[in-house]
Amino acid sequence: EVQLQASGGGLVQTGGSLRLSCVTSGRTDEDDVVGWFRQAPGKEREGVSCINTSDGTTIYADSVKGRFTIFTDDDKNTVYLQMNDLKPEDTAVYYCGTAPSDTDYWGPRASYEYDYWGQGTQVTVSS
């Protein structure tokens with residue numbers, strides 16, 4: 001059984017930093033993409049960043065490029081999202097999920113390609 005545990009959220013001021021962690025277990029070679037998504041109240045879930053743990057390829061949403069970095073630990077079971085220069089518009093619940101790399105895991109309907117999700121962690125950025 002694939003399980004994901006997201007943590008690391010909190011309350012920070014504008015310009016601050018947080019590091020989110022997504023601990024995964026039970027993933028097979030097919031579940032090689034791990035993505036971070038976020039959902040603010042009244043808005044749809046949107047992709048933030050993802051990493052293909054098989055080849056290290058990373059993708060970022062335009063809104064976070066240059067501020068966020070996604071990376072894994074050596075055994076690739078934990079995926080981190082380092083968030084710097086946080087802005088109030090980054091406030092949301094952040095979720096991590098897994099998807100096969102042979103799917104449209106970063107397309108307009110990307111979240112539907114993710115088979116497993118963590119429980120979410122709240123990030124609040126105060127102005």
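Bear in mind that the values here come from a model prediction, so they are computed numbers and not experimental data.
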side-chain hydrogen bond (donor to acceptor under 3.5 Å, both in side chains): pairs with one or both residues in residues 98-115, sequence neighbours excluded = Asp32-Ser101

Which atom pair, heavy atoms only, marks the closest approach of [X] to [Y]?
X	Y	result
Cys96	Ala6	SG-CB, 4.0 Å
Ser17	Asp85	OG-N, 4.3 Å
Thr14	Ser127	OG1-CA, 3.4 Å
Lys76	Ser54	NZ-O, 4.2 Å
Val93	Gly120	CG1-CA, 3.9 Å

Mark yes when over 12 heavy atoms from residues, nucleotides or ligands other than [X] sit less than 6.0 Å from its [atom1]; otherwise mark no.
X	atom1	result
Glu44	CD	no
Gln119	CD	yes
Asp75	CG	yes

query = Are any non-hydrogen side-chain atoms of Leu81 and Ser49 less than 4.5 angstrom apart?
reply = yes

message = Can you confirm whether Thr72 sits close enough to Val34 that some side-chain heavy atom of one is under 4.5 Å from a side-chain heavy atom of the other?
response = no

Find out if a path of hydrophobic residues (ILVMFWY) with successive side-chain heavy-atom gaps under 4.5 Å connects [X] to [Y].
X	Y	value
Ile59	Tyr94	no
Trp36	Val12	yes
Tyr60	Leu86	yes
Leu18	Ile70	yes
Leu4	Val48	no

Within the distance-only criterion (no hydrogens, no angle test), does the side chain of [X] pair as donor or acceptor with the backbone N or O of [Y] below 3.5 angstrom?
X	Y	value
Asp73	Thr78	yes
Thr24	Asn77	yes
Gln5	Gly118	no
Arg45	Tyr95	no

key: Asp90 bridged to Lys87 by N-O distance under 4.0 Å   = no

request  = Report the residues that fulfil disulfide bond (SG atoms under 2.5 Å apart) with Cys50, sequence neighbours left out, ordered by chain and then residue number.
outcome  = none

inquiry  = Between Met83 and Arg67, does the side-chain contact (heavy atoms from CB on, under 4.5 Å) criterion hold? Intermediate values first, please.
reply    = CA-CA 6 Å; Met83 307 187 296; Arg67 300 188 298 123; over 6 Å; no

task = Establish, from distance only, whether the side-chain atoms of Thr124 and Gln122 form a donor-acceptor pair under 3.5 Å.
result = yes

